[in-house]
Amino acid sequence: MKKGDHLFLVDGSGYIFRAYHALPPLTRKSDGLPVGAVSGFCNMLWKLLREARDTSVRDTPTHFAVIFDYSSHTFRKQIYPEYKANRSAPPEDLIPQFGLIRQATKAFNLPCIEKEGFEADDLIATYARMAEEAGAEVTIISSDKDLMQLVTPNVSMYDSMKDKQIGIPDVIEKWGVPPEKMIDLQALTGDSTDNVPGIPGIGPKTAAQLLEEFGDLDQLLARAGEIKQQKRRENILQYAEQARISRQLVTLKKDTPIDVGIEDFSLEPQDGRKLIAFLKTMEFNSLIKRAAEATGVDASAIQPAPLKIEAVAEAHGPDVDIASAPATIGEASPAINLAVGSPKQSASNGAATPADLAKSRTDEILAAKFDRSAYATIRDMATLQVWIDEAMASGIVAFDTETNSADPMQAEVVGLSLATRPGRAAYIPINHKSGDGDLLGGGLVEHQIPEQDVFRLLKPLLEDRSVLKIAHSMKYEWLVMHRHGIDLHPVDDTMLISYVLDAGEGSHGMDSLCDRWLGHTPLAYKDLIGSGKSSVTFDKVAIERATEYAAEDADITLRLWRLLKPRLVADGLVSVYERLERPLIPVLARMEERGISVDRQILSRLSGDLAQSAAAIEEEIYQLAGEKINIGSPKQMGDILFGKMGLPGGSKTKTGQWSTSAQLLEDLAAEGHELPRKIVDWRQLTKLKSTYTDALPGYINPRTKRVHTSYAMAATSTGRLSSSEPNLQNIPVRTSEGRKIRTAFIAEPGNKLISADYSQIELRVLAHVAEIPQLTQAFADGIDIHAMTASEMFGVPVKDMPSEVRRRAKAINFGIIYGISAFGLANQLSIPREEAGQYIRTYFDRFPGIRDYMESTKAFARQHGYVETIFGRRAHYPEIRSSNPQHRAFSERAAINAPIQGSAADIIRRAMVRMEPALNEAKLSARMLLQVHDELIFETSEVEVEATIPVIQDVMQNAAMPAISLAVPLQVDARAANNWEEAH
DNA sequence: GTCCGACCGTA
DNA sequence: TTACGGTCGGACG
């Protein structure tokens, strides 16, 4: 070796661990052998060697070697027996890769160096010194801080994963000291992963500052008495010896006895056949292709090399006997997978198609068993930090919070679980209380990390943009975390992924997905907390039980994610998920968090009025019925009306009871019967009272004084949201009595509510998807759509049209959207079935495109089992091929409705996702509070109302663009007022 | 105590 | 004739 030569030294052992955690897991397709780290290693070598042939790259190697640890039994153990004693066993799926990486090195025709009793770092230090003395340049391929002490003007490091060169200035920038002082710095700070003690309370910043002040460790220890901070001075004096031992441990040995000299590292030509044979064994298809091209070897003519899985003596834990755990092909840990969609995702595993990947992922996941006893309980901050580091390194973590309430606006966190790999999960108990105890319900259980410490440690992880957080129902987690000052991102939600994939195929709850996909029944929540009167909140659950339950949930979530996420790609649903579902999580969470102000007094007064009116009607009903019966019981009312009084009964319900529906009672009232009218009125009043005026005040949050609904993102088959607790999507509006309830929904003083709603959005969507020229024209001209329909059908001029004619046309238009039947239309309009059938035929004659749309939609649904919205969202109808004609007909109507209702739902979702950025852009402070399918409710200060309305309208009217250019314009009406009734 | 059907509020 | 959720009564265990 001579001046001008350039030696590359790869820290093979360091690379394995880093690659294992940083790269997406990968298994050999044919048998599940874990090869993720091997793949990363081969790709790195390929890149380094390719650059070696590329003369345009300055730092090309002339000499090359890969260095490995031999075992953890090194001379350092003699100095300090605890050295590296806290290392846990390497992950099971990493063990077989130790040997494979050595084989890879040989396949690349590179020297593979290791020596008993020494670490790779010592060999690297020795070779670097020798090369430098010979006048050559050295590049160490590693980012390990332990090697930074070796950096000189002639020796630099290279972080292959970050593609970053590390020279003297980089060391100073990172650690605050030059390379030659790294030893002293490490001696002071110690190293928890290697169990190097250091001095307590001294971290890198303090160490750098002290070394700056005192020059070096010896000076510092000699003059420690001069240190002003008492605690720090005491620690340094007390632990001086520990620092000296630490210095010995971290100092790399530059005179390791070597068996192979640096002259033997001279870079040899690539042996294409040997390399390709190995790559074939590993099934690294893209590398095979590149290697064949570069070496001019015909890859198809080469057989895979026989695979030898060696028992490698590279022990990374004190108690691991690798020799007893050699991996055999086919028996490798199956729980290894490619991380599709993670922020740290790499390009590809060479699998054929997304569908193949989804399939192989399914097989792998199913092979992994659940073991609740393997879950860890985290009770101290050091252990928590280890898990956080692991999550940081892997780039993916599934988590689940356990709380004492289903309401995220009130819930207190009881504990939190994490999963980093299938089967590897832990629970952090935080607020578990003892079951018995005093009147206050018992105190905090011992050995739990204080809540604020847990969140302080977790915050960087939960907010790290390079770590994907996965939860089942992320909106809940987002809200709980946000209340602790954490802005959770980026995220994935397994419930929403399932929803996008399988809307209409049953529930998307974790338990049912776990059963459906993983063939596993998780611990039941009810079994932990009990039920009914004897139930307890989660904080009373024993921590051991809670660990099994909570960690299992995180584990399941991670496994479901690995299974379901690739299906998004395979089924072409990525953009539905990423544009219509995932971004809505924080938007809806903020809406729920804001809530809306509801006036207790107004509701209370209304409730009193309703009670009085109902009581008066009650008396009249008892008079008319001749006895005191329960008016609220349809069974009892039916018996009175159709039994005792002998009124002509209409239909019966499927349980054999007389139907007492409002429609039927209205018909009887029209015939002059008094009692049915009274019952209808009574029902209306009591409905308004019990469902709204009495129930709503109970939802006013005591802390915020506002009502916070909860939106379900994955509840409907069509893509609509649903609202519950309370349901704010069914607040009365039709009758004047009911509308009064809306006056209780108010803006804060100085503010207004703005209501903005799409006009006829579903008919507009119908005009677009069914391509109906008359409808399109009518919407373009802005004329009354129902009057136009009536005019087309009945030949009546729009001008001076009788309201009854228009009403019928309107009913038909709605009927079309609902997948019309003569039976249904006849019911709706109270006309004979024959007449309704004639209407429908006339409609189809006038608008043949509608019939074509309905027929083609049914045919599509029969063929595929689902239908699609204009944005590609799917709604599944498994019963569309049912042999039961009723079930089949129902599915057909639903399938006709879904693309229309669902496309409208998609449009308003798009508007909601864009709304906040648009308002921010316009420097407006309006807050979106509610969504009612085609309406958005905002609250904003009075002075901004005028400027806000056009922005809202603009976003809503253009929400389909640019993905879809609708054949009809969207119209949005908006109004501002002090309460919802006046704004609507 | 839990579940289901009838009924009815919304889009 | 589509999509929901809440309340009630009544039957079940």
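A, B, ... follow the sequence lines: proteins, then strands. Residue 1 opens every chain. Keep in mind the model is a prediction, meaning the values are calculated, not measured. Atoms considered below: every heavy atom in the structure, side chains included; atoms not considered: hydrogens, waters and symmetry mates.
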Pick base, sugar-phosphate or nothing for [X], based on heavy-atom distances below 4.0 Å to the nucleic acid.
{"X": "Ala662(A)", "result": "sugar-phosphate"}
{"X": "Arg720(A)", "result": "base"}
{"X": "Thr686(A)", "result": "nothing"}
{"X": "Glu725(A)", "result": "sugar-phosphate"}
{"X": "Ile817(A)", "result": "nothing"}
{"X": "Phe890(A)", "result": "sugar-phosphate"}
{"X": "Glu935(A)", "result": "nothing"}
{"X": "Phe823(A)", "result": "sugar-phosphate"}
{"X": "Ala712(A)", "result": "nothing"}
{"X": "Gly819(A)", "result": "nothing"}
{"X": "Gln636(A)", "result": "sugar-phosphate"}

Using the salt bridge (Lys or Arg N to Asp or Glu O under 4.0 Å) rule, collect all pairs that involve [range], keeping only residues at least two apart or in two chains.
{"range": "residues 821-836 of chain A", "answer": "Arg808(A)-Glu835(A)"}
{"range": "residues 625-637 of chain A", "answer": "Glu627(A)-Lys644(A)"}
{"range": "residues 893-911 of chain A", "answer": "Glu581(A)-Arg909(A), Arg873(A)-Asp906(A)"}
{"range": "residues 730-741 of chain A", "answer": "Glu737(A)-Lys740(A), Arg739(A)-Glu981(A)"}

DNA chain B: 5'-most and 3'-most nucleotides touching chain A, 4.0 angstrom heavy-atom criterion: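 Result: dG1(B) to dA11(B).
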Contacts of Ala977(A) that satisfy side-chain contact (heavy atoms from CB on, under 4.5 Å) - sequence neighbours left out: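 Glu982(A), Ala983(A).
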Val932(A): side-chain contact (heavy atoms from CB on, under 4.5 Å) partners, not counting sequence neighbours: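 side-chain contact (heavy atoms from CB on, under 4.5 Å) check on Val932(A) returns Gln729(A), Glu935(A), Trp980(A).
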Close aromatic pair by centroid cut-off 6.0 Å: Tyr866(A) and Phe860(A):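 Aromatic pair counts; centres sit under 6.0 Å.
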Ring centers of Tyr839(A), Phe794(A) separated by less than 6.0 Å: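 Yes, the ring of Tyr839(A) comes within the 6.0 Å limit of the ring of Phe794(A), centre to centre.
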Atom pairs and distances, side-chain donor-acceptor, residues 613-620 of chain A, under 3.5 Å, sequence neighbours left out:
unit_1: Ser613(A); atom_1: OG; unit_2: Asp609(A); atom_2: O; d: 3.0
unit_1: Glu618(A); atom_1: OE2; unit_2: Trp682(A); atom_2: NE1; d: 3.0
unit_1: Glu620(A); atom_1: OE1; unit_2: Lys678(A); atom_2: NZ; d: 2.8

Where chain A begins and ends its contact with DNA chain C, read 5' to 3' at 4.0 Å from heavy atoms: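 Footprint of chain A along DNA chain C, 5' to 3': dT1(C) to dA11(C).
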